[in-house]
Amino acid sequence: MLEQLKKEVYEANILLPKYGLVTFTWGNVSGIDRKSGLFVIKPSGVEYERLMPEDMVVVDLNGKKVEGRYNPSSDTPTHVVLYNRFPKVGGIVHTHSSWATSWAQAGRGIPCYGTTHADYIYGEIPCVRNLIKEEIEDAYEKNTGILIAEEFEKQEKDYQAVSAVLCKNHGVFTWGKDAKEAVHNAVVTEEVAKMAARCEMLNANVKPDPQELQDKHYYRKHGENAYYGQGQGE
């Protein structure tokens, strides 16, 4: 079942240690097949060096395991919520990558200080609040997803333009059109988190990019009038 998607999700998971985004088993990637309403996710607690494509677990959009010899990632309920609430998302990544998680532990969003950030993510990468005690004790992972989705809706953020979020005192979630793009966005998030932290070390009074510069760099890569790269089919 979904053998090609299992392969793609396996390959995306293997990219996490390659890019230094995970230590031990501190992360996971999933990818969804929207036609079937099923997604594939890394098994819980299995070391990356032991993973094989056939180890990936198939789950439905109610969070029920459909196929797999292992239990799915403990973060599966968060993925379930995000796939249901963000219908154009095709892949999701969760990591505790060190620079981005440092911002999460500080309870701060990552400001857009430069064009590297602006090229990929529109404006600040938000940091959502802590879950309250009742939310933690009752369906912690599911409530993490609900919190992310509700914060994006409340702040009227476009989840396609802002493809990353920090969970306070926890870690990072990113997403994209598929699992590979979600990993790409996780790498970008980690790099801009590092740059932003160093930027503040060098200049404590630094301000975000001028909005017109942010807009120029974001929209030259995204949207109807984008002109970066070689274009469709080239």
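The basis for the numbers below is simple: all heavy atoms, side chains too, and nothing from hydrogens, waters or symmetry mates. Nothing here was measured: the structure is a model prediction, and the numbers come from that model.
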Side-chain donor or acceptor of [X] paired with backbone N/O of [Y] under 3.5 Å:
X      : Y      : answer
Ser163 : Gln160 : no
Gln214 : Asp209 : yes
Lys133 : Ile136 : no

Between Asn130 and Asn169, do the side chains contain an N or O donor and an N or O acceptor separated by less than 3.5 Å?
yes
Using every non-hydrogen atom in the two residues, find where [X] and [Y] come nearest and quote the distance to one decimal.
X      : Y      : result
Cys167 : Ile148 : SG-CD1, 3.8 Å
Val183 : Leu21  : O-CD1, 4.5 Å
Ala12  : Val29  : CB-CG1, 3.7 Å
Ala182 : Thr174 : O-OG1, 2.9 Å

If I take atom [atom1] from residue [X] and atom [atom2] from residue [Y], how far apart are they, to the nearest 0.5 angstrom?
X      : Y      : atom1 : atom2 : result
Tyr228 : Arg220 : OH    : CZ    : 7.0 Å
Ile121 : Thr116 : CD1   : OG1   : 11.0 Å
Ile92  : Asn185 : CD1   : CG    : 12.0 Å
Leu82  : Ile32  : CG    : CD1   : 10.5 Å
Lys142 : Leu147 : NZ    : CG    : 14.0 Å
Leu15  : Glu11  : CG    : CD    : 8.0 Å

Quick one: hydrophobic cluster around Val81, which other residues, with the 4.5 Å side-chain cut-off, linked directly or via members?
Ile146
Starting from Trp99, walk the hydrophobic network (Ile, Leu, Val, Met, Phe, Trp, Tyr; side-chain heavy atoms closer than 4.5 Å) and list everyone else you reach, by chain and number.
Met201
Before you tell me yes or no, could you show the steps for Thr189 and Val172 under side-chain contact (heavy atoms from CB on, under 4.5 Å), namely the whole-Å CA-CA distance, both residues' side-chain angles and the distance that decides it to 0.1 Å?
CA-CA 9 Å; Thr189 299; Val172 191; 4.0 Å; yes
Full working for salt bridge (charged side-chain N to carboxylate O under 4.0 Å, His left out) between Glu3 and Lys7:
CA-CA 6 Å; Glu3 299 308 313; Lys7 181 175 182 291; over 6 Å; no
Please list all pairs passing the salt bridge (charged side-chain N to carboxylate O under 4.0 Å, His left out) test where one or both residues lie in [range], with sequence neighbours left out.
range            : result
residues 72-89   : Arg85-Glu153
residues 95-107  : none
residues 168-190 : none

[X] and [Y]: same hydrophobic cluster, using ILVMFWY side-chain contacts below 4.5 Å?
X     : Y      : value
Val9  : Met1   : yes
Val93 : Trp26  : no
Val80 : Leu131 : yes
Leu5  : Val58  : yes
Tyr10 : Tyr70  : yes

Sequence neighbours excluded and cut-off under 3.5 Å, please list the side-chain donor-acceptor pairs for residues 100-115, or say none.
residue, atom, partner, partner atom, Å
Thr101, OG1, His96, O, 3.3
Thr101, OG1, Ser97, N, 3.4
Thr101, OG1, Ser97, O, 2.7
Ser102, OG, Ser98, O, 2.7
Trp103, NE1, Ala193, O, 3.0
Arg108, NH1, Glu200, OE1, 2.8
Arg108, NH1, Glu200, OE2, 3.4
Arg108, NH2, Glu200, OE2, 2.8
Tyr113, OH, Glu200, OE2, 2.6

Take atom CZ in Phe86; do more than 12 heavy atoms of anything else shown fall under 6.0 Å from it?
yes
Verify the neighbour count for atom CG of Asn225: are there more than 12 heavy atoms of other residues, nucleotides or ligands below 6.0 Å?
no
Output all residues satisfying side-chain hydrogen bond (donor to acceptor under 3.5 Å, both in side chains) with [X], sequence neighbours left out; order by chain, then residue number.
X      : value
Lys216 : Tyr227
Asn84  : none
Lys64  : none
Ser30  : His79, Tyr83

Step-by-step salt bridge (charged side-chain N to carboxylate O under 4.0 Å, His left out) determination, Lys6 to Glu67:
CA-CA 11 Å; Lys6 286 179 184 176; Glu67 182 182 82; 2.5 Å; yes
Do any side-chain atoms of residues 37-54 form donor-acceptor pairs under 3.5 angstrom with protein atoms, and if so which ones, sequence neighbours left out?
residue, atom, partner, partner atom, Å
Lys42, NZ, Val46, O, 2.9
Glu47, OE1, Arg50, NH1, 2.8
Tyr48, OH, Gly27, O, 2.6

Can you list every side chain to side chain donor-acceptor pair (under 3.5 Å) pair that touches residues 117-129, not counting sequence neighbours?
Asp119-His217, Tyr120-Lys221, Tyr122-Gln211, Tyr122-Asp215, Arg129-Glu135
Checking side-chain contact (heavy atoms from CB on, under 4.5 Å) for the pair Val192/Ile125: CA distance, chi angles, key distance, verdict?
CA-CA 10 Å; Val192 300; Ile125 298 171; 4.0 Å; yes
Could you please spell out the steps behind the ring pair (Phe, Tyr, Trp, His ring centres under 6.0 Å) verdict for Trp175 and Tyr159?
CA-CA 9 Å; Trp175 44 82; Tyr159 65 83; 7.3 Å; no
Evaluate Thr78 against Phe173 for side-chain contact (heavy atoms from CB on, under 4.5 Å), listing each step before the verdict.
CA-CA 10 Å; Thr78 308; Phe173 283 90; 3.6 Å; yes
